[in-house]
Amino acid sequence: MKKINNTIRYINDNQALVTKAFEKQARIFNSPEFKLWREYKAMFPEAEMVTKNIKRNTTKRTYKNLTYANMERFLKVQPNGEKLVKELNEKKEAASIEANPYRVVLAWFLKKYDYDKYMMFFENEEAKKKSEAGKAESENTEEAPASEDAAEITESEDEENELPMVSNF
């Protein structure tokens, strides 16, 4: 049986602060959370559950897709790319003794290269892939009308060979 922590906090007679996990479990009939909520509702019949909202740091910068492999792909297209990839590998080796080697390499990469240019490089690469996929798809759709004609032929044959339907009702 689960231990129920202080999961219901009284706000006022109409609201009670609960966790999302508690709210989810309280919907399950006969669970400990369900029973606890029923007891609370007996004391405060008008009460509604209000879930906690975790404050997020909106100014935090995240580095999407900034992996070693993507760093290497970005560096290969730069002028003197082979030299830059070699420098990246040296930084990775030197950082391997650190507690968090990725953070050391990331700090070096961001110091040396603009993150916005890095992201633009991958956005452009994705756009190229989508346009190539669109071209390939358009070539495949040109072949589709031939298969639609075949479907029309089989439908007309089915209409000619159609038998009357018998109902047992």
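Heavy-atom basis, side chains included; hydrogens, waters and symmetry copies ignored. Since the model is a prediction, treat every value here as computed from it, not as a measurement.
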Interatomic distance, [X] atom [atom1] to [Y] atom [atom2] [nearest 0.5 angstrom]:
X: Tyr68; Y: Lys91; atom1: OH; atom2: NZ; answer: 12.5 Å
X: Met119; Y: Asn65; atom1: CE; atom2: CG; answer: 6.0 Å
X: Arg38; Y: Phe29; atom1: CZ; atom2: CZ; answer: 9.0 Å
X: Glu123; Y: Asp116; atom1: CD; atom2: CG; answer: 9.0 Å
X: Phe109; Y: Glu87; atom1: CZ; atom2: CD; answer: 11.0 Å
X: Leu75; Y: Phe121; atom1: CG; atom2: CZ; answer: 9.5 Å

Are side-chain heavy atoms of [X] and [Y] found at a separation under 4.5 Å?
X: Leu88; Y: Val105; result: yes
X: Asn70; Y: Phe122; result: yes
X: Lys112; Y: Leu84; result: yes

Can you name the closest pair of heavy atoms from [X] and [Y] and give their distance?
X: Leu106; Y: Leu66; value: CD1-CD2, 2.9 Å
X: Ala16; Y: Ile8; value: CB-CG2, 3.8 Å
X: Phe34; Y: Ile28; value: CB-O, 3.2 Å
X: Ala95; Y: Pro101; value: O-CB, 3.1 Å
X: Thr67; Y: Tyr118; value: N-OH, 4.1 Å

Practice item. Dump the intermediate steps for ring pair (Phe, Tyr, Trp, His ring centres under 6.0 Å) on Tyr10 and Phe44, then the final yes or no. Key: CA-CA 10 Å; Tyr10 175 82; Phe44 305 103; 5.2 Å; yes

Point to revise | Worked verdict on Arg27 versus Glu23 for salt bridge (Lys or Arg N to Asp or Glu O under 4.0 Å) | key: CA-CA 7 Å; Arg27 294 179 184 163; Glu23 182 183 29; 3.5 Å; yes

Can you get from [X] to [Y] by hopping between Ile, Leu, Val, Met, Phe, Trp and Tyr side chains that sit under 4.5 Å apart?
X: Ile11; Y: Met43; value: no
X: Phe74; Y: Met120; value: no
X: Tyr115; Y: Met71; value: yes

Is a side-chain donor or acceptor of [X] paired with a backbone partner of [Y] at a separation under 3.5 angstrom?
X: Lys41; Y: Ala47; result: yes
X: Asn80; Y: Lys83; result: no
X: Ser31; Y: Gln25; result: yes

Between [Y] and [X], does any NZ, NE, NH1 or NH2 come within less than 4.0 Å of an OD or OE carboxylate oxygen?
X: Lys76; Y: Glu72; answer: yes
X: Lys86; Y: Glu82; answer: no
X: Arg103; Y: Glu98; answer: no

Exercise for review: Apply the test side chain to side chain contact (heavy atoms under 4.5 Å, CB included) to residues Leu36 and Phe22: give CA-CA distance (whole Å), side-chain angles for both, the deciding distance (0.1 Å), then the verdict.
Suggested key: CA-CA 10 Å; Leu36 185 61; Phe22 180 88; 4.0 Å; yes

Practice item. With sequence neighbours excluded, tell me which residues meet side chain to side chain donor-acceptor pair (under 3.5 Å) with Asn14. Key: none

**Study point:** Pair Tyr40-Val18, side chain to side chain contact (heavy atoms under 4.5 Å, CB included): steps then yes or no
**Key:** CA-CA 12 Å; Tyr40 189 85; Val18 297; over 6 Å; no

Is the number of heavy atoms from other residues, nucleotides or ligands within 6.0 Å of [atom1] ([X]) greater than 12?
X: Glu46; atom1: CD; answer: no
X: Ile97; atom1: CD1; answer: no
X: Glu48; atom1: CD; answer: no

